[in-house]
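These notes are about the structure you will find just below.
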Amino acid sequence: MDNRKWIAFKTTVDTGSITRAANLLGYSQPGLTGLLNRLEKEIGYPLLERSHHGVLLTARGKALMPYIDRLLDDYAAFRKAVEQLGQERENTLRIASYSSISRNWMPQIVKDFTQEHPHIRLMLKDGAPEEIVAWLADGSIDIGLFSNVIPGRMDFIPLIRDPYYAVLPASWNVRGTLDIRCFEDQTFLVPSNSLDREVPSLLERSGVTPRFSTISVEDYAIPKMVEYGFGVSILSDLILRNCTAKVRLAPISPPAFRELGIGVSSLKNASPYMLRFISFLKTFAAGQEGYLMPEITE
């Protein structure tokens, strides 16, 4: 059987939703539904119970899950072995990260790591959390640097807590922290990339309902949009480094943060080069704790 069907099946089970799984894997919703139907036809009985609330495993589906997990683990190990035997790939690490990590961390990481390991080639690209999880699942990348907000088949190693700050017009008279409830009914700019899930989830957990702006903009551009009166927002410390917009930045209360870390498809099957890079990242991240926020520009 086509192994991609089992990856799609497992992703659907992990997310509990055909629609969310389709978005993660790059399928249309009807396309993924058809693939799952064909898989069940090949098996000979239903594996999923579908409803308006999502999908659940049938009793037979639950019984098969340990074998499906083993199949996918073995296939991942096989694929890794094939790649490592390739002469061209054996000294290359493919890394995807948030754009804020690419801007603020990667230049120093690449400089220091390649000085220590000049024979290891690094290939870098940016991605949103859904993309990074999908790339890890299909083997397009070796390592992801992001926050663990999307379910997926991977091992995640936390590195650092990246605190959130309110991004406000300079006219706001705020001293010290800002109660997150102050965002109630405010026009709120949501980042269109790495924080598009995390910030709305934070507001929802806090019982806050702002008026979400219809403007979609990437995280690094939000402070300038706030300066020009398009609304308010919440961004993380790492995104706000080197902020030059004329805005007021304030810690939110209660304090909140996103947890940035390393994602790999399987630590057990990680290559020696991957393990070296992971160890290097842990040391690097430890030196980032306590970074001072940029000076507020008024």
Side-chain angles (χ1 to χ4, degrees), residues 97-105 128-129 132 144-151 156-213 217-227 231-263 281-298:
S97 65
Y98 286 164
S99 60
S100 57
I101 294 176
S102 295
R103 293 194 306 270
N104 294 291
W105 282 10
I132 296 175
L145 293 172
F146 63 119
S147 52
N148 189 17
V149 295
I150 305 295
F156 186 81
I157 306 165
L159 285 180
I160 192 171
R161 290 180 171 184
D162 189 21
Y164 288 122
Y165 286 78
V167 184
L168 312 167
S171 59
W172 280 44
N173 185 20
V174 177
R175 291 292 181 266
T177 62
L178 179 78
D179 192 311
I180 196 170
R181 291 173 295 182
C182 292
F183 288 107
E184 183 71 32
D185 207 36
Q186 295 290 328
T187 301
F188 195 93
L189 294 161
V190 178
S192 63
N193 41 24
S194 64
L195 295 183
D196 62 346
R197 289 174 178 265
E198 299 170 55
V199 169
S201 177
L202 169 64
L203 293 167
E204 183 179 353
R205 293 195 306 270
S206 303
V208 177
T209 307
R211 288 180 285 110
F212 290 111
S213 173
V217 61
E218 294 200 12
D219 51 25
Y220 67 86
I222 281 182
K224 206 67 178 177
M225 298 293 287
V226 172
E227 177 186 342
V232 297
S233 191
I234 293 175
L235 296 174
S236 77
D237 174 285
L238 193 61
I239 293 169
L240 289 167
R241 295 186 184 187
N242 304 312
C243 173
T244 59
K246 295 178 181 179
V247 295
R248 187 174 296 279
L249 306 176
I252 61 175
S253 177
F257 58 88
R258 63 175 180 171
E259 190 169 60
L260 299 177
I262 305 165
L281 287 174
K282 289 179 179 178
T283 302
F284 175 85
Q288 303 304 302
E289 297 285 1
Y291 185 94
L292 296 177
M293 283 296 300
E295 183 176 345
I296 295 175
T297 305
E298 300 190 41

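Distance CG/Leu145 to CG/Leu159: 7.0 Å, rounded to 0.5 Å. Atom CZ of Phe183 is separated from atom CG of Leu202 by 9.0 Å, given to the nearest 0.5 angstrom. Atom CG of Leu260 is separated from atom CZ of Arg161 by 12.0 Å, given to the nearest 0.5 angstrom. The line from CD of Gln186 to CZ of Arg181 is 14.5 Å long, rounded to the nearest 0.5 Å. Residue Tyr98 holds its OH atom at 9.0 Å from CD1 of Ile239, rounded to the nearest 0.5 Å. Of the inter-residue distances, the one linking Phe188 atom CZ with Ile222 atom CD1 reads 7.5 Å to the nearest 0.5 angstrom.
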Side chain to side chain contact (heavy atoms under 4.5 Å, CB included) between Val167 and Ile234, intermediate numbers included: CA-CA 6 Å; Val167 184; Ile234 293 175; over 6 Å; no
Check the pair Arg103 / Asn242 against side chain to side chain contact (heavy atoms under 4.5 Å, CB included), numbers first and verdict last. CA-CA 10 Å; Arg103 293 194 306 270; Asn242 304 312; over 6 Å; no
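Side-chain atoms of Asp219 never come within 3.5 Å of backbone atoms of Pro191 as a donor-acceptor pair (strictly under, hydrogens ignored). Panel note: side chain Glu184, backbone Pro210; no donor-acceptor pair is recorded below 3.5 Å. Side-chain atoms of Ser233 come within 3.5 Å of backbone atoms of Leu189 as a donor-acceptor pair (strictly under, hydrogens ignored). The backbone N or O of Leu238 lies less than 3.5 Å from a partner atom in the side chain of Asp162, making a donor-acceptor pair.
Of all the heavy atoms in Phe156 and Glu259, the pair that sits closest is CZ-O, 3.9 Å. Here the shortest heavy-atom pairing between Cys243 and Pro223 reads SG-CB, 3.9 Å. The nearest pair of heavy atoms linking Gly176 to Ala250 is O-CB, 3.7 Å. Residues Tyr165 and Leu240 share a closest heavy-atom pair of CB-CD1, 3.8 Å. Smallest separation of non-hydrogen atoms from Ile160 and Ala285: CD1-O, 4.1 Å.
Residues Thr187 and Ser213 have side chains that never bring a donor and an acceptor to within less than 3.5 angstrom of each other. Ser99 and Glu218 are not linked by any side-chain donor-acceptor pair at a separation below 3.5 angstrom, with hydrogens and angles left out of the test. Side chain to side chain, Arg258 and Ser147 fail the donor-acceptor criterion of an N or O pair below 3.5 Å.
Shown here are the salt bridge (charged side-chain N to carboxylate O under 4.0 Å, His left out) partners of Lys224, two or more places apart in sequence or in another chain: Glu227.
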